[in-house]
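Residue numbers start at 1 and run along the sequence shown.
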Amino acid sequence: MSRLPVLEELEAQYMKKEIPPFHVGDTVRVVTRIKEGEKDRQQAFTGTVVAKRGAGLSETVTLYRNAYGSSMDRVFLIHSPRISEIEVLRSGKVRRAKLTYLRGKAGKQAKIQEQYNAPTGDVAQENAAPA
């Protein structure tokens, strides 16, 4: 479905450009700005990406975390001005688009296999003998 060019242009002003690429299954730290009275503080939330939803300005990500015996889901608007930083800590290898089966699991049951990425350089050049 096509969106109006006027809306796309308007949304482009508010979209963040420094968001790192991440997928479902990755472990991500999201730092949010919280205003308490006159003071501002930053709070980090680290969790596994359970779902990604939407596109453009309304894109959301759901993080799941099990800490100290209690588990929680938290939904973040990626392009919100309250979010100051998104950092990918681990890249996970999963075969689902939504990881709802992780809810209520802890320890080894909630473990996601880590995906190791290949070096970013050209493989042919790395394997070539020096001239």
Side-chain angles (χ1 to χ4, degrees):
M1 186 160 109
S2 174
R3 297 174 57 124
L4 292 173
V6 177
L7 286 177
E8 288 179 359
E9 186 178 316
L10 186 65
E11 283 185 356
Q13 297 172 356
Y14 298 103
M15 289 181 64
K16 294 184 178 181
K17 301 188 179 20
E18 67 276 352
I19 295 175
F22 60 92
H23 306 285
V24 174
D26 294 354
T27 302
V28 175
R29 177 184 295 132
V30 177
V31 180
T32 57
R33 284 189 286 266
I34 297 175
K35 187 170 185 171
E36 294 176 338
E38 297 293 319
K39 296 183 180 179
D40 281 343
R41 68 180 181 90
Q42 293 193 346
Q43 184 177 36
F45 185 88
T46 304
T48 303
V49 178
V50 173
K52 284 180 84 174
R53 183 176 187 166
L57 196 59
S58 62
E59 186 176 1
T60 63
V61 62
T62 304
L63 298 184
Y64 173 77
R65 174 184 176 164
N66 189 338
Y68 306 107
S70 65
S71 56
M72 60 197 90
D73 276 351
R74 192 157 174 199
V75 180
F76 293 99
L77 269 168
I78 292 178
H79 297 285
S80 170
R82 295 238 179 244
I83 294 186
S84 60
E85 180 185 349
I86 298 175
E87 180 184 356
V88 180
L89 303 176
R90 286 182 60 209
S91 187
K93 182 178 177 184
V94 295
R95 296 173 63 173
R96 302 262 182 271
K98 306 273 192 266
L99 304 180
T100 56
Y101 65 88
L102 285 181
R103 292 182 179 138
K105 307 264 194 229
K108 282 190 176 182
Q109 293 177 335
K111 196 170 189 178
I112 294 178
Q113 186 177 3
E114 190 166 358
Q115 178 177 346
Y116 299 104
N117 297 328
T120 56
D122 188 16
V123 176
Q125 282 184 344
E126 290 175 5
N127 295 335

A.B. asks: Which atom pair, heavy atoms only, marks the closest approach of Lys105 to Asn66?
C.D. replies: O-ND2, 3.1 Å
A.B. asks: In this structure, are over 12 heavy atoms from other groups packed under 6.0 Å from Glu9 atom CD?
C.D. replies: no
A.B. asks: Determine all donor-acceptor pairs shorter than 3.5 Å in which one atom belongs to a side chain in residues 48-55; sequence neighbours excluded.
C.D. replies:
residue	atom	partner	partner atom	Å
Lys52	NZ	Phe22	O	2.9

A.B. asks: To the nearest 0.5 Å, what is the distance between CG (Leu10) and CG (Leu57)?
C.D. replies: 8.5 Å
A.B. asks: For atom NZ of Lys93, decide whether the heavy atoms of other residues, nucleotides or ligands shown that lie under 6.0 angstrom number more than 12.
C.D. replies: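 No - once you tally the heavy atoms of other residues, nucleotides and ligands closer than 6.0 Å, there are 12 at most.
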A.B. asks: Measure the spacing between OH of Tyr116 and CZ of Arg90 and express it to the nearest 0.5 Å.
C.D. replies: 7.5 Å
A.B. asks: Can you measure from CG (Leu102) to CD1 (Ile112) and round to the nearest 0.5 angstrom?
C.D. replies: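 The CG atom of Leu102 sits 5.0 Å away from the CD1 atom of Ile112.
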A.B. asks: Search all heavy atoms of Ile86 against all heavy atoms of Ile19 and return the closest pair with its distance.
C.D. replies: CD1-CG2, 4.5 Å
A.B. asks: I'd like to know whether NZ of Lys111 has more than 12 heavy-atom contacts from other residues, nucleotides or ligands below 6.0 angstrom.
C.D. replies: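 No.
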A.B. asks: With rounding to the nearest 0.5 angstrom, report the CE to OG distance, Met15 to Ser58.
C.D. replies: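 Between atom CE of Met15 and atom OG of Ser58 there are 9.0 Å.
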A.B. asks: If you look only at pairs with a residue in residues 33-44, which of them pass as a side chain to side chain donor-acceptor pair (under 3.5 Å), with sequence neighbours excluded?
C.D. replies: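 Those involving residues 33-44 are Glu36-Arg41.
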A.B. asks: Answer yes if Val61 and Phe45 sit in the same cluster of Ile, Leu, Val, Met, Phe, Trp and Tyr residues linked by side chain heavy atoms under 4.5 Å apart, and no otherwise.
C.D. replies: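 They do share one cluster, since a chain of ILVMFWY contacts under 4.5 Å joins Val61 to Phe45.
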A.B. asks: Tyr64 side chain to Gly104 main-chain N or O, any donor-acceptor pair under 3.5 Å?
C.D. replies: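 Judged by distance alone, yes, a pair lies under 3.5 Å.
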A.B. asks: Got a sec: does the NZ of Lys17 have more than 12 other heavy atoms crowding it under 6.0 Å?
C.D. replies: yes
A.B. asks: Starting at CG of Leu63, measure out to CE of Met72 and round the result to the nearest 0.5 Å.
C.D. replies: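 Result: 11.5 Å between the selected atoms.
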A.B. asks: Could you measure the distance from the OG1 atom of Thr46 to the CZ atom of Arg29? Nearest 0.5 Å is fine.
C.D. replies: 4.5 Å
A.B. asks: For the OH atom on Tyr14, are there more than 12 heavy atoms of other groups (residues, nucleotides or ligands in this structure) within a distance under 6.0 Å?
C.D. replies: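 It does not: Tyr14 OH has 12 such atoms or fewer within range.
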A.B. asks: Sequence neighbours left out, what pairs pass side chain to side chain donor-acceptor pair (under 3.5 Å) with at least one residue falling in residues 68-79?
C.D. replies: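 Sorted pair list: Asp73-Arg103.
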